[in-house]
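So the structure is just underneath, and the comments pick up after that.
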Amino acid sequence: MKSKLQNLKDEILEKINEIKSEADVKEIELRYFSRKGEISEIMHSLKDLSLELRKEFGVLANKTKKELEEAFSKVKNNFSNDENCENLDITLPGVAMKRGHLHPITIIQREVEDLFTGLGFSIISGPELESDYFNFTALNMPPLHPARDMQDTFYVTNGKDDNEELDMVMRTHTSPVQIRAMQKYGAPLKAIIPGRCFRNEATDARHEHTFYQFEGLMVGENINFSNLKNLLEIVGIKLFGPETKLRMRPKFFPFVEPGNNGEYTCFLCNGKGCKVCKQTGWLEIVGAGLIHPNVLRAGGIDPEKYSGLAFGFGLTRLAMLKYGVNDTRLFNSGDLKFLQQF
Ligand code: DAH
C-alpha cells in the first residue's frame, strides 16, 4: 500500500511538472483529482484494510493527497483563464510586441517629400483609377496617338458607352495629376505628386505591373529651361551627394517641349562605370521638360502668359538604386525576410 501510494505520488508530481497547457491541466484533473480519479480510488480502497492498517495508512494517504492537491493548484492557476485569478503575477515581464516599420518605398517617398517641401513645393495626390482623358488625352496624347503604346495599362470600360474617352484606366504615370492640379489651383503653382502607377507589363526583375513615381511641376511667369536644369541639379545633389553631376539628353515625351532624359553620375562608382550604370557612369533617373502649351491649356492655364516645367522620377527605381535591390518585384512581395532589412 505504501509503495503504491508513493508511486502514485511520484507519477502525479512528474505529470504536474510537465504541464504546458490548459488542456494538460484538464487531463490531470480528470485522471487523478476527480471524484472517480486515481486518488479517490486509493482513498476508497482504505476501507478494505484492517482497522490498524487503516489508521496507519489513512494518515499518510490524507497527507499525500493534500500535498498533491496543493502542488496541482499552484500550477493550475498559472494556466487558468480566470481573469480574477489571484495568482496572476503582474510583475512578470510581458511578451514583447514586435514593432513594424515603414516600407522602403515609403522611406524614400518621405525623404523626397522633405526635400521638396524645403524648396517650397506642396505635396498633392490624385486618383489611381483615372479617366482615359486625364491619363492620355489631356497630356497631348489623343486616342490613337502612337505614344499611348509606350504605356499599355489595365482598361476599365464603363460598360455604357462606345466613347473611349469615357473609359477609365489604372493610371500609367503620375502625370495626369498635373492637369488636375492646374485645374484646381491655377498659376503660380509648385507641387510634387508621389503615387502608385500601373502598367500591363510582362514582369521581370526590372518591370512590375505596380510601381511608384513622383511627378513635379512648377508653373509661373517666365519659367524656363535654366530653372529646370537648376532644380534637377539641386535634387541630384540632395539625393546622391555633393559630387553628383547632371546631364540632360533630348527625349520625346508628348506632354513636354523640349523633352529630355535627366541622367546623374552614378553614385556607386562616381561616374567611372560599374555594373549598375552598365559601365556608362550615368544613371537614367528622370524624364523632364517644359510643359507643352496644349497641356497648360488642358489645365486651364494661358500658355501666352505662363510657362511651366515638369519632371517625373521613378520612386521604385530610386529605392532600388539606393538600397541595392536587384529585383523590383520584391517591393510588392510582402516578403518579411526582404522587408525586415530596412
Ligand atoms: N510620365 C513619364 C513616364 O511615366 C515621365 C515623365 C517624363 C514625366 C517627362 C514628366 C516629364 O513630367 O516632363 O514615363
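First listed ligand is number 1; within each ligand, the first listed atom is number 1. Not measured: the values here are computed from a predicted model.
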| request: Output every pair passing salt bridge (charged side-chain N to carboxylate O under 4.0 Å, His left out) with a member in residues 268-287, not counting sequence neighbours, ordered by first then second residue. | output: none
| field | Under 3.5 Å: donor-acceptor pair, side chain of Ser122, backbone of Lys190 | value | yes
| Near ligand 1, which residues have a heavy atom under 4.0 Å away from one of its atoms? | Gln151, His173, Ser175, Gln178, Arg199, Gln213, Glu215, Phe253, Phe255, Val256, Gly287, Ala288, Gly289, Ala310, Phe311, Gly312
Pairs of donor and acceptor atoms involving the side chains of residues 298-315, under 3.5 Å and at least two apart or interchain, shall be tabulated with distances.
| unit_1 | atom_1 | unit_2 | atom_2 | d |
| --- | --- | --- | --- | --- |
| Asp302 | OD1 | Glu304 | N | 2.9 |
| Ser307 | OG | Ile223 | N | 3.0 |
| Ser307 | OG | Ile223 | O | 2.8 |

Would you mind writing out the side-chain donor-acceptor pairs for residues 49-63 within the sub-3.5 Å range, not counting sequence neighbours?
| unit_1 | atom_1 | unit_2 | atom_2 | d |
| --- | --- | --- | --- | --- |
| Ser50 | OG | Leu53 | N | 3.4 |
| Asn62 | ND2 | Gly58 | O | 3.4 |

| query | Applying the side chain to side chain contact (heavy atoms under 4.5 Å, CB included) test to Phe72, which of Glu29, Glu67, Lys15 qualifies? | reply | Glu29
| Is the distance between the ring centroids of Tyr212 and Phe331 under 6.0 Å? | no
